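See structure below.
These figures come from a predicted structure and were not determined experimentally.
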Amino acid sequence: MSLRITPLTDPAHGPHGRRLAWLASHADSIPAGTAFLRLSDGGQEHLAELDLHVHPAERRRGVGSRLLDTAVATARGNARRRVVAQAKAGSPGDHFLAARGFRKVLALRYTRLPLADLDTAILTEIIERPHPVYRLMSWQGTVPDDLAQTFAASRRAMDDMPMDDSDRGIVTWDVDRVRAAAKAVEQRGDHLHTVVAIDTSNGSIAGFTELVVPGNGAGDGQHYGTAVLPEHRGHGLGRWMKAESIRRASRDYPDLGGLLTDTADSNTHMREINDGLGYTPTHTAHQHQLDL
């Protein structure tokens, strides 16, 4: 089989990382597969994130191996020590990664909340429950200037989330980085919604939850993360913020079908929050890691 691997120009470059891309095709230019490799900085300089897909008709013909070899060589050339990739549990990709020397380091539980079945009574009860010293605030798109610094500081709430054996590093967040992340969502035409819990004693952000809604307001939204700073845990802020995020999405986007989220199997606290809010499992994915 004559196979050509062609580097592509990928537009997903930003100030805090870049993405490389390759197309596998036959001599007659028929596409057979693609690979994307994200190289980030700010605490993840050791990491390369791989996204590899082979057309079902082209599997077991060496396409995936050729793309993988190209991506791994590029990761080494960029001084990366780990390549990570994700695949649905039991899928051909799951088996492919295991057979190519990757080891499973994390199990992710994917769940969905159908908004048509939303229990608004439970949601209202959670939102209206008093939380002394705290208040909720929200915004769409980029963080307001007066909250930018404390929002960037609150991102460390994600640093100790359960990740099992995954070597994700600790991302360094500053104001420029949070603004760049919001801009990336805007540039692809989607809507970023953030709900935060503010400590009224000093005006700082104690926790946050982010939700991305498709640009047309239909289909499913995707939760990007919910976290509370260690010194503010134990007050139910995570459930409170997420309930408010759900309420706003249901109210502002009547054509939205549901909300998606993924949680590490070992993150029992967040799993309990999601279960209590009505999220139901859809599938499990495995994160695999190759040590270079």
If two hydrophobic side chains count as joined below 4.5 Å and joins carry through other members, does [X] share a cluster with [Y]?
X	Y	value
L136	F151	no
L47	L39	no
F208	W139	yes
V72	L37	yes
V228	M137	no

Q: Using the ring pair (Phe, Tyr, Trp, His ring centres under 6.0 Å) rule, take F36 and H53 through it: C-alpha gap first, then chi angles, then the decisive distance, then the call.
A: CA-CA 9 Å; F36 297 88; H53 296 276; 7.9 Å; no
Is [Y] paired with [X] through a side-chain N to carboxylate O contact shorter than 4.0 Å?
X	Y	value
R233	D160	yes
R156	E231	yes
D220	R112	yes
R109	D275	yes
K183	E186	no

**Q.** Partners meeting salt bridge (charged side-chain N to carboxylate O under 4.0 Å, His left out) with D164 (sequence neighbours left out)
**A.** none
Verify the distance criterion only: is there a donor paired with an acceptor across the side chains of [X] and [Y] at less than 3.5 Å?
X	Y	value
Q289	D291	yes
R239	N274	no
D252	H193	no

Side-chain heavy-atom pair [X], [Y] within 4.5 angstrom cut-off:
X	Y	value
I246	L259	yes
L260	H223	no
L115	Y253	no
T226	M270	yes
L68	L50	yes
D167	H46	yes
L256	P214	yes
S65	F96	yes

Provide the closest heavy-atom pair for [X] versus [Y] in the form atom of the first, atom of the second, distance.
X	Y	result
D94	A89	OD2-CA, 3.6 Å
A152	W173	O-CB, 3.9 Å
V83	F102	O-CE2, 3.5 Å
G90	H95	O-NE2, 3.4 Å
L23	P31	CD1-CB, 4.0 Å
A243	I127	O-CD1, 3.7 Å

(Q) side chain to side chain contact (heavy atoms under 4.5 Å, CB included), that's the test. Do L237 and H232 meet it? Break it down for me. (A) CA-CA 8 Å; L237 300 184; H232 294 282; 4.1 Å; yes
Distance check, rounded to the nearest 0.5 Å: [X] atom [atom1] versus [Y] atom [atom2]?
X	Y	atom1	atom2	result
R155	D174	CZ	CG	11.5 Å
D165	Q287	CG	CD	10.5 Å
I198	I205	CD1	CD1	5.5 Å
Y224	E210	OH	CD	9.0 Å
K104	L97	NZ	CG	12.5 Å
S154	L229	OG	CG	6.0 Å

Keeping the roles fixed (side chain from [X], backbone from [Y]), state whether a donor-acceptor pair exists under 3.5 Å.
X	Y	result
H55	A32	no
Q149	D146	no
T70	R66	yes
R271	D265	yes
W22	P7	no
D262	L108	no

Q: Check the pair Q140, H191 against side chain to side chain contact (heavy atoms under 4.5 Å, CB included), reporting the backbone distance first and the verdict last.
A: CA-CA 7 Å; Q140 179 177 335; H191 309 292; 3.5 Å; yes
(Q) Assess the residue pair R135 and D199 against the criterion (salt bridge (Lys or Arg N to Asp or Glu O under 4.0 Å)); give the C-alpha distance rounded to whole Å, side-chain angles, the decisive distance to 0.1 Å, and a yes or no. (A) CA-CA 7 Å; R135 65 180 176 89; D199 180 351; over 6 Å; no
(Q) I need the single residue from R168, R80, Q86, R38 that forms a side-chain hydrogen bond (donor to acceptor under 3.5 Å, both in side chains) with E49. Which is it? (A) R168
**Q.** Over 12 non-hydrogen atoms of neighbours within 6.0 angstrom of CZ in R251
**A.** yes
**Q.** Partner of L192 under side-chain contact (heavy atoms from CB on, under 4.5 Å), chosen from V213, V185, L211
**A.** V185
Would you be so kind as to tabulate the donor-acceptor pairs closer than 3.5 Å made by side chains of residues 117-124, with sequence neighbours excluded?
residue	atom	partner	partner atom	Å
D119	OD1	A121	N	3.2
D119	OD1	I122	N	3.3
T124	OG1	T120	O	2.8

Q: Evaluate the criterion side chain to side chain contact (heavy atoms under 4.5 Å, CB included) for residue pair T209 and V196; output intermediate values, then yes/no.
A: CA-CA 6 Å; T209 186; V196 298; over 6 Å; no
Q: Apply side chain to side chain contact (heavy atoms under 4.5 Å, CB included) to the pair T263 and M161, showing each step before the final yes or no.
A: CA-CA 10 Å; T263 311; M161 66 178 177; over 6 Å; no
Q. Please walk me through it: do D41 and R18 pass salt bridge (Lys or Arg N to Asp or Glu O under 4.0 Å)?
A. CA-CA 9 Å; D41 61 11; R18 57 197 176 101; over 6 Å; no
Q: List for me each residue that meets side chain to side chain donor-acceptor pair (under 3.5 Å) alongside S138, sequence neighbours excluded, and say none if there are none.
A: R248
Q. Does the ring of Y279 carry K242 above it, NZ/CZ under 6.0 angstrom from centre and within 45° of its axis?
A. yes
Q: Carefully, step by step, assess H269 and N267 under the rule side-chain hydrogen bond (donor to acceptor under 3.5 Å, both in side chains).
A: CA-CA 6 Å; H269 178 66; N267 192 345; over 6 Å; no
